[in-house]
Amino acid sequence: MSTIESAFIDLQRLDRLAACDSAVHRLDPRVKVLITLAFLVCVVSFDKYAIAGLLPFALFLTLVIGLSGIPSGFVLNRVLLAAPLALLIGLFNPVYDHQPLMRFGTLVIAGGWLSLLSLVLRFCLTVGAVLALIATTGFNAVCRALEQLGMPTVLAVQLLLLYRYLFVLVEEGLRLNRARVLRSFQGRGLGIRACSFLLGSLLLRTLDRSQRIHLAMRCRGFDGTIHTRNPLRLNGRDVLTLTIVLAALLAMRVFDGPMLLGRFVTGLMA
Amino acid sequence: MHMADALLSPAVGGTFWAATVGAIAWCAKKVQQELNDRKVPLMGVLGAFVFAAQMINFTIPGTGSSGHIGGGMLLAILLGPQAAFLTIASVLVVQALFFADGGLLALGCNIFNLGFFPCFLAYPLLYKPLAGNGQNHRRIAAGAILAAVVGLQLGAVAVVAETVLSGISALPLQTFLWAMLPIHLAIGLVEGAVTATVVLFVRQARPEILDCAIGGQPPTARPIAKLLAGLAAAAVFTGGVLSWFASTFPDGLEWSIEQVRGKKELAAPAEGIHGMLAGFQEKIALLPDYAFTIGEQKAIGETVAHRAGPPAWPAVDAGTSVAGLVGGSLTLLLTLGLALLFRKRRAIA
Amino acid sequence: MRSSLLIEIRDLAHAYPDGTEALRGISLHIRAEESVAVVGANGAGKSTLLLHLNGSLISRHGTVRIGDFQVAKAALPDIRRTVGMVFQDPDDQLFMPTVAEDVAFGPLNLKLPLAEVERRVASALERVGAAHLRDRPPYKLSGGEKRLAAIATVLAMEPAILVMDEPSSSLDPRARRTLIELLAGFGHTKIIATHDLDLVLDLCPRTIVLRQGQVAADGPTDEIFADGRLLAACHLEQPLRLQACPVCGEKSGRLPQKGERL
Amino acid sequence: MRSSLLIEIRDLAHAYPDGTEALRGISLHIRAEESVAVVGANGAGKSTLLLHLNGSLISRHGTVRIGDFQVAKAALPDIRRTVGMVFQDPDDQLFMPTVAEDVAFGPLNLKLPLAEVERRVASALERVGAAHLRDRPPYKLSGGEKRLAAIATVLAMEPAILVMDEPSSSLDPRARRTLIELLAGFGHTKIIATHDLDLVLDLCPRTIVLRQGQVAADGPTDEIFADGRLLAACHLEQPLRLQACPVCGEKSGRLPQKGERL
Ligand SMILES: Nc1ncnc2c1ncn2[C@@H]1O[C@H](COP(=O)(O)OP(=O)(O)OP(=O)(O)O)[C@@H](O)[C@H]1O
Ligand SMILES: Nc1ncnc2c1ncn2[C@@H]1O[C@H](COP(=O)(O)OP(=O)(O)OP(=O)(O)O)[C@@H](O)[C@H]1O
Ligand SMILES: [Mg+2]
Ligand SMILES: [Mg+2]
């Protein structure tokens, strides 16, 4: 429970971050969504042993996070919180994959270790990218962007309401749970039966609430669709940014930057 | 369990995205057709309910650890399959965006794993027939438990399949299955029991709610068959297109080079998952790229010849190795430097 | 049109699907720009009555007329533009991501031009003194602020009649006072269901007392609050300000007569 | 033991994880069988303070002692048996299928013998006058009945201290009066957070005023309610019965002096 609770605190924090202002914040949400998707596809399209090739993407992400003024500690924290799963799965790689892939003198590195490192790296990049997207855009803007990119309206409206009532209902759930815990000594009373009744009454309240919300909406002329005031509009800057960044991502994916750099440097030294 | 972006290959991720997008579009159309505008807030608020429900923990009998419900089956029972699928999708979108559960690319997989099976297989094929018109408590309980168990087992199998097909993890199929299935059996039993109790509670308290919540017709076999066919087509199509793309992209290029040179790399990881996967992939010829393109350290245009004999790795060549290492470290340093720079600037500001 | 507006309820009865008879034959008239309180015990049917006024519930027994319209499916859009309803829990009413979007929700559904929507949003927020809350998400507002925002969402529809369910519940005394002053300044026809009889004293010259789904009394507020037996029978008691002062024991159980010095 | 019970709060500060500083250094003592009101504006920190009393929140800054125990993880079961908490919304507290099962929930978790549980259920329901509600499902009760049932669930654990958050909200005047009389009859130490200052006047000789997470005043209720400037600064106003009292209200700002004719 504490993890979910802390997730909610982070959620409010993300909301606050999204309300800040920076060059990245000002970009059209659709542009940011597209860039994020391109970024993710590039990152996961590397093969399982890739490490150096991923580093330019880390550079890119750092740049974006820095430009947008999101505290890097916050991002790192979140990534670390989410990391155990990737580590758990990844830890099996060294166990099962002994293929020697790299040799420095007498030191031979097995493929499993490389792929573990690669997995952790791509994990940080993918989680970090999504975090950066939300923290510079905000949930509602991302939803609106997705809607304009073709997500069905029903789903968009759904997300809107879900997000709004998340706060109300989680608060309600917490209160119910607190009231139960207060009367549950030595953990008795926390069993499945009591929990089901608790969920049942929370559900009843939720259903009642949805009825009241529906009434309130209908009172104000709701007819099944939610109209919004300002449709998003792309400006030249957005298009330009999109083009440049997509090209950059593609280049980073196609050309092995670190290798070229390394060549260049070792070439200089040689 | 949620799939994570990091465990996915683009081909697998893309395929499931396509399948999911298809399913969502179909559901959205269906829901809009029967548009009962009361369902709009109901779906949204029930989505939020799933999160609230996850705040309420229970002790799992016999283990002393605690858990919470997932809620998929409950949504299917309350909303009917199409609306429930959309609601589950929205819950997963929020989890992906905020809780770093999964990720954007893995969203397709996750919606499929956690939404498709309970809503379109377990609910109509198990819960509906078993629970009948909802008068008999035992049948409701049996239906909910069975449907939850089967739904979760299918989901778990799908997670394993997606991970293995992506080839990022080296976990062998069997081990993975053995780890996932029993755990999800237990989770499914608990989930089903809680779902059944909650449904019975609501049924007793406010029978009219369940009746009007379910509202629309139960899905007949035909639309589901149509949906399945459509999804399969979409999946095959995207899978095909994506793997073609993948195979024309850099790694694919290497792969074709290797093909031309002969399949010596293939022999190397013969044991464990890769052997199996490679064989599997050869058979289905759908996702040919990711299992056996090794060696990103080999830059485009690199001409250093392979040394013969396994274990073959392109960059065993010391020169390339050193260059890669130097370049990598420099990039890393650059990244760290940049991070520090921004940090300092912020501290000043 | 506004001055001719009139609410006419005749023989209204309503039973919920589970069989609870919440209203059992209610008849009343309310004139334009009247300010009327609806009071009664828990479960007397106040909220149910209010829901009938804007067609949120439509009963087969009895009729409700608002001005020239009979409340029925066909007239709903007109009815809802005329009757603005403020719900008891502002969280139910604020469902959009920001206060401004929420206030714009109604006008947008009326398909008004964007400039007009913008004007209405600004003016509604201005009137309740919540202009500074425009871009805040509703879940970050305090209880009193939420209430103001909820009222603004309704004002933006420019209704002629304001219907409110327990507007003062869970507000602190200052926020309650602010609300009362705000409402007193509105020229709308007002119908307020509440347990806060002191608020009734401040805002409504006329009071309707419900009891088990029927009208137990309907008349000038001061007469009703002077009738101890009626109040007791309806689970009510005198407004606190009319009760004996617990500190000095002075009984002030009557309304000050006009002209009399307090 | 009961007579020695004492609540001692020293330098209590609490910030919610999102950074909101809800309490900023609160110190107070409450003696056994005292009845104390906690009042203040929306968001002043009343609920947060109450949650610290039974360990629902445990702060790292400052200490809370209940009798011989310091509120901390280890002592929680004892604390929770000693401090009974009635929540603002009775729906939060009632979740079992019948009222009797709900009242029995706490005692059963204390592993009391069945006969004792039965006795406690009966006596708790008896004391709040809700014995007839035993077998009713909670979601079918009226607002006032729910409140009584919620209090019974707490009484069944036989706490020495009763902590209540806004006990009178959304009750009709009769139900509110019943509640006040019920609470007045309890010998427990009572701590009541509320916006209903007239209820404070009836129940609590002592009042603590919170303002932005700090104690703005702590003293005899009548003195506090006589201090107009303090009340205004804390978003409060005089209880309604004092406002209208021709004696107290007129001379708002001071209490009638002893010996002075009221
Ligand atoms: N959705 C519903 N289904 C069934 N019965 C209902 C429903 N809503 C209200 N009731 C019942 O109808 C009666 C009137 O309820 P209503 O809410 O109108 O009372 P009220 O006067 O507003 O009470 P309160 O002061 O507690 O708000 C009550 O007996 C209540 O239990
Ligand atoms: N779970 C929470 N997370 C973050 N902040 C919170 C939380 N609960 C309360 N707060 C904030 O803490 C402060 C004190 O809140 P609290 O609920 O204690 O006030 P209160 O005096 O009980 O107000 P009210 O009279 O409205 O009930 C407020 O600013 C509130 O917004
Ligand atoms: Mg009501
Ligand atoms: Mg409070």
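Letters A, B, ... mirror the listed sequences (proteins, then strands); counts begin at 1. Fair warning: this is a prediction, and the values are worked out from it, not measured in the lab. Side chains included, hydrogens not; waters and symmetry mates left out as well; all remaining heavy atoms used.
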Original post:
Taking everything shown except C/R10 itself, do over 12 heavy atoms lie less than 6.0 Å from its CZ?
Top reply: no
Subject >> Heavy atoms from other residues, nucleotides or ligands near CD of C/E116 exceed 12 (cutoff 6.0 Å) >> reply: yes
**OP:** Give the C-alpha distance, both sets of side-chain angles, the deciding distance and a yes or no for side chain to side chain contact (heavy atoms under 4.5 Å, CB included) between C/F95 and A/L161.
**Re:** CA-CA 7 Å; C/F95 41 78; A/L161 287 170; 4.0 Å; yes
**OP:** Any chance you could measure C/S56, atom OG, to A/Q211, atom CD, to the nearest 0.5 Å?
**Re:** 11.5 Å
Original post:
Can you tell me how far the SG atom of A/C219 sits from the CD atom of C/Q93, to the nearest 0.5 Å?
Top reply: 7.5 Å
**OP:** Before accepting this row, confirm whether a basic side-chain N of the pair C/D102/A/R220 lies closer than 4.0 Å to the acidic partner's carboxylate O.
**Re:** yes
Original post:
Which region of C/D89, side chain (C-beta onward) or backbone (N, CA, C, O), has a non-hydrogen atom less than 4.5 Å from a non-hydrogen atom of chain A, or is it both or neither?
Top reply: side chain
Subject >> Proximity breakdown for C/P97 and chain A, heavy-atom pairs closer than 4.5 Å >> reply: both
Subject >> Which atom of A/R164 lies closest to which atom of C/M96, heavy atoms considered >> reply: CD-O, 4.0 Å
**OP:** Take the angle between the ring planes of C/Y139 and A/F167 and call it parallel below 30°, perpendicular above 60°, tilted in between.
**Re:** parallel
Subject >> Passing option when A/I213 is tested against C/D91, C/D92, C/L94 for side chain to side chain contact (heavy atoms under 4.5 Å, CB included) >> reply: C/D92
**OP:** Starting from the C-alpha separation in whole Å, work towards a yes-or-no answer on side chain to side chain contact (heavy atoms under 4.5 Å, CB included) for C/M85 and A/R218.
**Re:** CA-CA 11 Å; C/M85 174 117 183; A/R218 280 232 306 243; over 6 Å; no
**OP:** Select one option (side chain, backbone, both, neither) describing which atoms of A/Y163 are under 4.5 Å from chain C's heavy atoms.
**Re:** side chain
